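Below is one structure, written out as structure tokens, with a few remarks after it.
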Amino acid sequence: MRHLTDKVLDVAIVGTGPRGISVFERIAANLTAEPEPRSIRIWLIDAVELGAGRIWRTDQETCFLMNTVVGEISMFSGVSDGERCRPGAGLSFLQWLHSQPDPALSVLGHDDYAPRYAYGRYLRYVYASVVRGMAGLGEVVETVGKVTSLRENGHSYALRVSTVEGEFTVTADAVVITTGHAPAELSDDQPELTRFARDRPGLRYLSGDSAADLDLASIEPDAAVGVVGLGLSFYDILMSFTLGRGGTFEKSADGALSYVPSGKEPRVVAGSRSGLPIRSRGRNQKHVTARAAPEFLTSAAVGRLRERNMAHRGNPALDFDQDVLSLLAAEINHVYYTTQARTQHGPECADAVAAELRARGPELASWREVALRYGLQDVEPVDLDRLSRPLQAKRFDSAAGLVAEVRRILLADIAEAGQGNRDSPLKAALDAIRDSREVLRHAVDFGGLTPESHRTDFLGRFVTRTSSLFTGPPLERTVQFLALIDAGVLEVAGPDVVYGCDTGRGRFFLESPAVEGSRRHCDVLIDSRIPAAGLVRNTDPLMRQLADERLAVGFVHDDAGETFETGALHITPAERRVIAADGRTHRAVYALGIPTEGVCWFTQIGNGRPGVPTSFSRDADVIALSVLRRATSDTFQ
């Protein structure tokens with residue numbers, strides 16, 4: 001077969017977690033579709049595990065769970081057609097699980113949550129399928145190592161790669177950076193905490209990494225451990241200290257869950273700004289393709305708002321609170337009211353309520369009349385701020401009072417989650433935020449908001465508060481949280497947690513100003529919060545070198561005198577090509593995923609959905625097509 005060019009096209013993919021695999025898969029699929037494929041060599045480079053990356057590596061503890069149901073996950077850009085898996089068509093995660101000999105995996109159903117290591121194994125399977133699919137299309141070179149630098153070399157790029165065997169250079173026509181989360185430099189009070197622990201034998205301070213990469217195993221049984229942050233990473237840490245050390249959860253005849261300690265657990269006290277763990281995902285009742293079309297927050301509505309702002313202010317940028325949040329609130333409450341109508345009065349009532357709300361438009365003030373007319377007297381609009389901070393402004397005269405209130409809130413959350421994400425009005429409404437992410441990205445990404453609104457309204461308030469409501473763990477984790485409190489393994493500190501060094505006692509402390517007598521001392525302090533991605537504090541040598549040599553720059557949102565330094569890698573909207581500090585767009589250096597968080601929103605999504613086109617697959621395809629089209633070009637464009 002005649003090739004389009006005699007030159008071998010060298011493509012380097014740096015990072016082979018989900019984003020890297022997605023680009024690799026789409027390059028291979030597009031090559032397969034070419035009548036006369038070009039000669040290509042793909043360099044696959046990962047610092048930890050090829051085909052899984054660091055976050056999804058296959059050797060992590062079995063008690064770490066995903067927070068997406070298995071039926072909603074696929075890494076192939078097309079569904080299986082019954083033939084052997086290949087680029088563009090292959091098994092979904094659920095189909096793959098059912099093919100596994102391990103009964104703990106093969107028994108999982110559409111609405112279950114799989115262990116994180118199992119997803120890593122699935123990623124490895126997809127990766128191997130794509131490598132196999134490259135046979136006859138080109139060469140694949142696999143390297144476990146860290147890319148430490150990337151420099152321009154005429155019309156190509158020189159990558160320095162460090163491995164256990166030594167260093168070598170890869171010369172590539174195109175480079176795709178999909179490196180995922182990287183540890184960040186210490187900031188704010190972290191250097192003081194680190195020094196405090198270093199100067200005192202027996203104290204330890206851990207921060208800035210996933211639970212799988214923290215040295216949790218060396219923490220002694222019965223050690224006093226303080227944990228800052230009650231998000232998804234906190235749950236991994238908690239499970240490592242309990243299930244990971246031989247403890248078990250047992251259910252009594254009446255369905256109550258209790259924890260049976262192994263005796264190897266440390267004693268954990270944990271707190272956060274809200275004082276509550278991230279709330280449970282509703283029991284899944286939706287098929288992967290059964291997402292309702294938005295009624296108010298649509299791409300067309302966002303476009304109209306931009307046109308209006310351009311006409312009135314000469315600037316299409318949106319104000320999140322004024323322009324976007326009202327439409328999202330209408331979307332959330334449209335689901336809330338109609339689900340209330342269906343569960344209270346039946347589907348015909350729900351249809352009638354939905355039609356009237358749509359006719360009235362997104363002004364929530366006028367919806368009260370509709371609710372009353374259809375017998376929904378006790379239904380008030382969803383208040384996201386109140387839901388995300390129910391302990392705010394409350395004061396407790398004892399730890400027991402705090403625990404009683406935490407228990408009340410979490411039991412109510414468990415009851416709502418148990419009803420499901422279609423039948424619980426509240427969980428269905430919160431799931432509408434998740435269903436609206438694509439349109440929110442359309443409104444927010446690439447400087448879609450004014451700088452101040454992006455920083456303060458969207459990231460500072462909306463994201464920090466609402467993420468805890470719709471990105472949570474499986475329901476069972478909240479039930480286990482309460483069981484661990486009952487067992488005396490876990491203690492909650494309270495809201496607005498304060499932590500630091502008690503020099504008089506020579507130990508760390510955690511306390512809440514809202515809880516009388518809440519100060520607890522600990523020998524180990526763990527900050528479970530994952531640092532924000534970006535160039536500023538990134539310790540990855542490649543990112544540091546690109547920034548130091550001005551081959552890449554952080555995205556600065558600058559508009560009409562307002563400036564917001566996002567810290568995200570600056571890329572082009574159309575093709576995700578990296579922009580240098582002098583304003584040039586690199587001919588064929590691309591970035592996707594976590595390094596671009598801040599230019600784009602919610603880039604931590606690590607999968608596509610079977611049979612449903614999503615931005616995850618579309619972004620990968622855009623880069624794949626651009627690589628094949630641009631990589632042999634001789635000039636910057």
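If you're wondering where the values come from, they're calculated on a predicted model, not measured in any experiment.
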- Query: Do side-chain atoms of Ser528 reach the backbone of Val228 as a donor and acceptor pair under 3.5 angstrom?
  - Reply: yes

- Message: Within the 4.5 Å heavy-atom criterion, are Leu391 and Leu402 side-chain neighbours or not?
- Response: yes

- Residue pair Arg160 / Thr169, side-chain donor-acceptor N/O under 3.5 Å: yes

- Kindly state each residue pair satisfying ring pair (Phe, Tyr, Trp, His ring centres under 6.0 Å) with at least one member in residues 247-273, sequence neighbours excluded. Phe249-Tyr259

- Query: Does a donor on one side chain and an acceptor on the other come within less than 3.5 Å for Ser77 and Ser617?
  - Reply: no

- Task: State whether Phe509 and Arg519 meet the cation-pi test: NZ (Lys) or CZ (Arg) under 6.0 Å from the six-membered ring centroid, and within 45° of the perpendicular axis.
- Result: yes

- Just grab all the side chain to side chain donor-acceptor pair (under 3.5 Å) pairs involving residues 219-243, residues at least two apart or on different chains. Glu61-Ser240, Asp222-Arg267

- Task: State, yes or no, whether a side-chain contact exists between Leu238 and Leu484 at a heavy-atom distance under 4.5 Å.
- Result: yes

- Taking the six-membered ring of Trp56, is NZ or CZ of Arg116 closer than 6.0 Å to its centre and within 45° of its axis? yes

- How are the rings of Tyr122 and Phe76 set to each other: parallel, tilted or perpendicular (split at 30° and 60°)? perpendicular

- Note on the structure: Sequence neighbours excluded, the answer for side chain to side chain donor-acceptor pair (under 3.5 Å) partners of Asp215 is Arg204, Ser218

- Under 4.0 Å between a Lys/Arg side-chain N and an Asp/Glu carboxylate O for Arg54 and Glu49? no

- Message: I'd like to know if the side chain of Glu416 pairs up with that of Ser424 as donor and acceptor (distance under 3.5 Å, no hydrogens or angles considered).
- Response: yes

- Donor-acceptor contact present, side-chain Thr178 to main-chain Gly15, <3.5 Å: yes

- State, without any angle test, whether Gln545 and Ser149 hold a side-chain donor-acceptor pair at a distance under 3.5 Å. no

- Taking side chain to side chain donor-acceptor pair (under 3.5 Å) as the test, write out the residues that go with Glu516, two or more places apart. none

- Closest heavy-atom pair, Ala552 versus Leu569, reported as atoms and distance to 0.1 Å, is CB-CD1, 3.6 Å

- So, Glu405 and Arg408, do they make that salt bridge, N to O below 4.0 Å? yes

- Query: For Asp46, which residues count as a side chain to side chain donor-acceptor pair (under 3.5 Å) partner, sequence neighbours excluded?
  - Reply: Thr16

- Query: Does some side-chain heavy atom of Lys286 sit less than 4.5 Å from a side-chain heavy atom of Val69?
  - Reply: no

- Query: Can Gln480 and Arg477 be counted as having a side-chain donor-acceptor contact under 3.5 angstrom?
  - Reply: yes

- Message: What I'd like to find out is whether the side chain of Met75 reaches to under 4.5 Å of the side chain of Glu25, using heavy atoms alone.
- Response: no

- Message: Quick check against the 3.5 Å criterion: does Gln100 have a side-chain atom that pairs as donor or acceptor with the backbone of Leu97?
- Response: no

- Query: For Glu250, which residues count as a side chain to side chain donor-acceptor pair (under 3.5 Å) partner, sequence neighbours excluded?
  - Reply: none

- Task: Enter the distance from Thr194:OG1 to Tyr205:OH here, rounded to the nearest 0.5 Å.
- Result: 6.0 Å

- Query: Heavy atoms, side chains only, cut-off 4.5 Å: are Ile219 and Val225 in contact?
  - Reply: yes

- Trace of the side-chain hydrogen bond (donor to acceptor under 3.5 Å, both in side chains) decision for Ser280 with Thr478: CA-CA 6 Å; Ser280 307; Thr478 309; 2.4 Å; yes

- Ion pair Glu491/Arg520, N-O distance below 4.0 Å: yes

- Query: Considering only heavy atoms from C-beta outward, does the side chain of Val176 approach that of Arg576 to under 4.5 Å?
  - Reply: no

- Message: If I compare all heavy atoms of Ala493 with all of Ser512, which pair ends up nearest, and what's the gap?
- Response: O-CB, 3.2 Å

- Taking the six-membered ring for Trp, are Phe508 and Tyr499 ring centroids under 6.0 Å apart? no

- Query: Side chains of Ser129 and Arg132: does their closest heavy-atom pair fall under 4.5 Å?
  - Reply: yes

- Message: Quick test of your reading of the model: are Asp619 and Arg26 salt-bridged, counting only N-O distances below 4.0 Å?
- Response: no

- Message: Whether the side chain of Thr163 engages the backbone of Gly166 through a donor-acceptor N/O pair (distance < 3.5 Å, no angle test) should be reported.
- Response: yes

- Message: Between Asn421 and Gln285 (side chain of the first, backbone of the second, donor and acceptor by atom type, cut-off under 3.5 Å), is there such a pair?
- Response: yes

- Would Phe93 and Tyr119 count as a close aromatic pair, with their ring centres under 6.0 Å? yes

- Could you tell me whether a side-chain N or O of His98 sits under 3.5 Å from a main-chain N or O of Leu105, the two making a donor and an acceptor? no

- Task: Kindly compute the distance separating CG (Leu243) from CG (Leu65), expressed to the nearest 0.5 Å.
- Result: 9.0 Å

- Task: Identify the two heavy atoms, one from Val492 and one from Phe481, that lie closest to each other, and give their separation to 0.1 Å.
- Result: CG1-CZ, 3.6 Å

- Rounded to the nearest 0.5 angstrom, the CD1-OG distance for Ile13 and Ser22 is 8.5 Å

- Compare all side-chain heavy atoms of Pro495 with those of Arg273 and state whether any distance is below 4.5 angstrom. no

- Task: Could you check Glu476 against Arg283 for salt bridge (Lys or Arg N to Asp or Glu O under 4.0 Å), going step by step and ending with a plain yes or no?
- Result: CA-CA 10 Å; Glu476 67 184 270; Arg283 179 175 58 85; over 6 Å; no

